Amino acid sequence: MKVIHLISGGDTGGAKTHIHDLLAGISKNIDATLVCFMKGEFSDEAQALGINTVIMEGNPLKAAKKLKTMIKKDGYDLIHSHGARGNFMASLLRRPCGIPVVTTVHSDPKLDYLGRPAAALVYGGLNSYALKRADYLVGVSDAMKELLIDRGFSPNKIFTIYNGVDFSVQVKNPDRLSYLRSLGLSCGEDSVVVGIAARLDPVKDVQTLIKGFAKAAESCDKLRLVIAGEGGEKEKLMALAAELSVSDKICFAGWIDDIDSFFGALDINALTSLSETFPYAITEGARALLPTVSTRVGGVPMLINEGETGFLFAPRDYETLALRLKQLAQDKDLREKIGKAAYEKAKAEFSVEATTKTQINIYEEIIRRENLKKEGKRNGVIICGAYGMGNAGDDAILEAIVGEMRGIDPFIPITALSRRPRETRKKYYVDSVHMFNAPAFRREMKETKLYLSGGGSLIQNVTSRRSLWYYLYTIKAAKKLGNQVMMYGCGIGPLKDERDVPRVRKVLNSYVDVITLREGYSMAELGRLGVLKPKIMISSDPALTLSAASDDRVDAELKKYGLENEKGLVCFSIRNWEGFSQKAASFAKAADFVSEKLNLKPVFILINPQEDGEVTHSVMGLMKTEAAIISEPMEVSLTIGVLSRMRAMVSMRLHGLIFAASQGVPLVGVSYDPKVTAFLDSIGHELCIEFPDLETEKLEEMIEAAVLSRDGEKSWDIVEKLIKAEAVNSQMARQLLEK
């Protein structure tokens with residue numbers, strides 16, 4: 001494989017480090033050439049690292065002509081560009097050279113020229129043009145990938161990479177006091193030194209750091225601050241330090257050549273940027289065993305877990321920054337504990353070796369895709385379901401299926417049909433078209449290899465005959481347009497209007513290759529319908545594979561509702577259904593029973609906020625005791641995490657039961673639909689009452705039994721059974737993709 005990299009050659013900071021480390025690493029495995037359009041420090045350092053470096057100064061059009069000849073003569077497979085000038089040059093070469101262009105986006109293009117309107121207009125405009133013409137993009141962090149998706153770039157053409165550092169280097173500064181004083185800092189043996197390495201540009205917002213430092217220093221006299229960097233903001237920042245009377249505690253050190261000695265002399269690493277991708281400053285700080293206090297921007301949270309590997313705060317929130325600086329300054333043990341945790345996480349996940357391997361894998365995937373195009377072969381998966389409608393259960397199914405497809409192939413192109421395509425693209429990093437845009441999804445189906453009818457109870461006509469016809473149509477279209485077709489961990493029925501039975505039987509027998517079912521009831525229903533030709537297997541719901549959010553995120557969510565100190569919580573999830581007004585009092589009395597008799601706190605949760613809110617509030621209005629309601633929509637992992645803290649789950653919503661079951665939480669089902677009863681039967685759970693038969697006393701008995709079951713121990717044997725069965729889904733999908 002031969003790759004040519006294009007860059008202006010005047011780059012500094014993280015971009016320079018990333019490209020030097022990357023090319024030094026990949027050059028050991030592939031043939032890589034770096035072309036710089038000016039000679040200087042960047043190209044000199046590249047050559048010193050042994051990188052094959054070519055300088056092409058002068059007229060851009062002449063340089064483009066030389067590059068075209070060079071690329072064709074030497075047989076390069078890919079053009080990889082960086083920065084506005086490199087990207088624009090790559091856009092000129094893309095068509096005449098006939099090879100793909102991949103562009104790495106190191107920072108937000110709209111903020112690269114902040115405070116320089118003329119440069120933003122010229123270079124920013126050229127860069128914007130070039131990015132739109134690139135075949136593939138690489139975002140330095142998932143946050144950058146999300147930003148690019150938000151700006152209209154196809155998720156299936158964006159890859160993610162993270163800046164890595166060399167952990168074979170031991171960062172120490174045994175003569176730290178002399179070193180700090182040589183920079184101009186007034187400090188002593190007991191000083192606690194905060195440092196930042198950043199350009200002094202508006203986007204780095206060093207003003208916030210100075211304000212936060214000044215506030216912390218008011219009550220912590222031993223704090224000191226070193227600012228390493230140059231830029232147009234320097235005089236303004238020095239004036240601010242003087243205005244806040246902390247000039248004697250701050251040192252403006254200018255550019256630091258030996259960054260390891262700099263970090264080795266610090267006690268606390270800081271970052272106050274308004275925008276970042278995945279800055280080297282946090283991994284370099286972690287390599288030096290430093291706790292980091294950073295704005296919650298870009299990919300920073302990938303390394304910095306709140307209170308574990310550092311602290312995060314909102315951009316420009318200097319008061320929270322001050323609190324964290326003071327807290328760390330006064331607790332040496334805490335600094336050492338957090339610094340060590342940051343080191344271990346960064347070493348495991350963000351080494352330069354990991355970055356190099358990822359980049360080579362990206363190149364291989366791009367070449368594979370290009371070869372498939374040339375050979376006229378299919379690639380990718382298209383997923384259809386009830387997505388983008390505000391239901392946490394359906395969205396969980398999509399999230400789970402996407403995760404399982406990535407497990408089969410981390411780079412597989414995925415397209416989802418959704419009611420809110422833009423939201424789906426951003427949330428799941430997949431391409432998406434509107435579910436009712438037939439020309440668009442038919443175009444996708446002509447390119448993809450596998451169609452997945454994505455879980456849930458799509459083959460039913462209780463809610464709507466039209467929705468059933470739609471899902472049958474997409475199955476038929478996908479097969480006719482050349483896809484393997486699989487119904488993935490789904491439920492079947494009920495079909496209350498028998499007029500639809502012949503149509504269902506014909507479509508499923510004629511156009512479906514594999515059906516995996518989430519429970520046995522659906523198998524019996526397929527038999528009743530006469531669906532016999534596809535390969536049919538029992539599996540489980542895909543959402544069971546999803547993980548809970550971290551403990552600190554769950555703690556923060558519970559704290560929002562005053563539930564962080566509650567020792568016993570029982571969750572209720574209800575939905576509107578025919579006859580609910582006659583049953584609302586039973587739910588209210590059962591919730592009062594939880595509070596008065598079991599001495600636990602009832603908590604209501606909205607699996608579908610749009611549909612469940614009104615009936616939930618009506619039940620709470622009938623209660624005599626106080627209950628909590630988690631009313632704001634939560635992402636699925638956070639919902640699962642919150643449910644993991646419950647002593648029992650009382651739910652009409654199927655996915656409320658599934659989420660809780662995945663965490664071993666005892667269940668009480670109120671079945672308004674056979675799918676609820678079928679799921680509970682599939683896991684051998686007997687605490688279920690049919691909605692028409694709902695009575696207060698019976699519901700209270702079941703809740704008490706759930707709370708007291710196994711003395712409150714979680715049912716991990718059920719969880720293990722469910723997850724093992726669910727693996728059938730991805731196994732069948734893999735077989736179809738390999739056909």
Side-chain angles (χ1 to χ4, degrees), residues 154-156 372-373 376-388 394 397-398 400-402 404-406 408-409 412-419 421 424-425 428 430-461 466-492 500 502-517 522 526 529 531-537 539 542 729-739:
S154 168
N156 286 337
L372 286 173
K373 285 181 189 176
K377 292 183 178 179
R378 293 174 170 270
N379 189 29
V381 176
I382 188 165
I383 310 172
C384 179
Y387 310 135
D394 292 318
I397 291 170
L398 177 59
I401 295 175
V402 168
E404 295 193 328
M405 294 304 102
R406 299 280 189 232
I408 295 171
D409 177 354
I412 191 167
I414 299 174
T415 300
L417 310 190
S418 170
R419 285 293 288 270
T424 298
R425 289 186 200 104
Y428 303 109
V430 299
D431 214 338
S432 183
V433 297
H434 198 283
M435 62 188 301
F436 296 134
N437 187 346
F441 68 65
R442 288 178 66 91
R443 280 195 300 271
E444 293 291 328
M445 288 174 176
K446 291 178 182 178
E447 305 293 331
T448 51
K449 188 171 186 179
L450 175 63
Y451 168 93
L452 299 178
S453 181
S457 297
L458 305 181
I459 306 302
Q460 53 83 23
N461 59 16
R466 287 178 299 176
S467 68
L468 172 64
W469 300 342
Y470 166 79
Y471 292 119
L472 292 174
Y473 166 75
T474 60
I475 287 171
K476 185 176 179 179
K479 190 64 178 178
K480 285 194 166 187
L481 291 169
N483 287 263
Q484 297 290 315
V485 174
M486 176 179 174
M487 295 170 63
Y488 197 99
C490 60
I492 304 294
D500 289 324
R503 180 181 297 192
V504 170
R505 179 168 54 242
K506 180 179 180 180
V507 170
L508 300 196
N509 277 329
S510 302
Y511 301 106
V512 179
D513 298 290
V514 173
I515 302 175
T516 55
L517 303 166
S522 294
L526 283 178
L529 297 173
V531 177
L532 305 171
K533 290 186 179 180
K535 184 174 184 178
I536 304 173
M537 303 178 72
S539 59
N729 292 323
S730 58
Q731 290 168 6
M732 292 298 99
R734 183 188 295 273
Q735 288 181 19
L736 291 174
L737 282 168
E738 290 175 351
K739 275 193 173 184

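Keep in mind that this is a model prediction, so the values were computed, not measured.
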From the list D500, N509, L508, V504, side chain to side chain contact (heavy atoms under 4.5 Å, CB included) with L529 holds only for V504
Side chain to side chain contact (heavy atoms under 4.5 Å, CB included) with V430: of I414, V381, I401, only one passes, and it is I414
Residue set satisfying side chain to side chain contact (heavy atoms under 4.5 Å, CB included) with S522, at least two apart, ordered chain then number -> I492, L517, E519
The side chain to side chain contact (heavy atoms under 4.5 Å, CB included) partners of K480 (sequence neighbours excluded) come to K476, Y511
By side chain to side chain donor-acceptor pair (under 3.5 Å), K449 pairs with (sequence neighbours left out) none
Approximate separation, where rounding is to 0.5 Å, of [X] [atom1] and [Y] [atom2]:
X: M445; Y: L417; atom1: CE; atom2: CG; value: 6.0 Å
X: E738; Y: Q484; atom1: CD; atom2: CD; value: 12.0 Å
X: M537; Y: T516; atom1: CE; atom2: OG1; value: 8.5 Å
X: T424; Y: H434; atom1: OG1; atom2: NE2; value: 10.0 Å

A side-chain contact here means heavy atoms from C-beta on lying under 4.5 Å apart; do [X] and [Y] qualify?
X: C490; Y: L458; answer: no
X: Y387; Y: M435; answer: no
X: K535; Y: Q735; answer: yes
X: Y471; Y: Q460; answer: no
X: I382; Y: L452; answer: no
X: S453; Y: V485; answer: no
X: P155; Y: D431; answer: yes

Of all the heavy-atom pairs spanning [X] and [Y], show the shortest one and how long it is.
X: I397; Y: G456; value: CD1-N, 3.4 Å
X: G454; Y: I383; value: CA-CG2, 4.3 Å
X: V531; Y: I515; value: CG1-CD1, 4.3 Å
X: A400; Y: P542; value: CB-O, 3.1 Å
X: P413; Y: N379; value: CG-ND2, 3.5 Å
X: S418; Y: G388; value: OG-CA, 3.6 Å

Contacts of K373 meeting salt bridge (charged side-chain N to carboxylate O under 4.0 Å, His left out) (sequence neighbours excluded), chain-then-number -> E370
In K533, K739, K479, the residue satisfying side chain to side chain donor-acceptor pair (under 3.5 Å) with D513 is K479
For this session: Evaluate side-chain contact (heavy atoms from CB on, under 4.5 Å) for T474 paired with Y451, printing each intermediate quantity in order.
Result: CA-CA 9 Å; T474 60; Y451 168 93; 2.7 Å; yes
With sequence neighbours left out, the residues meeting ring-ring contact (aromatic ring centres under 6.0 Å, His included) with Y470 are F436
Any donor-acceptor pair under 3.5 Å from [X] side chain to [Y] backbone:
X: R425; Y: S154; answer: no
X: S432; Y: A416; answer: yes
X: R378; Y: T448; answer: yes

Identify every side-chain donor-acceptor pair in residues 437-444 under 3.5 Å, counting partners at least two apart or on other chains, and give the distances.
{"from": "N437", "atom 1": "OD1", "to": "A440", "atom 2": "N", "distance (Å)": "3.3"}
{"from": "R442", "atom 1": "NH1", "to": "Y473", "atom 2": "OH", "distance (Å)": "3.2"}
{"from": "E444", "atom 1": "OE1", "to": "T415", "atom 2": "OG1", "distance (Å)": "3.3"}

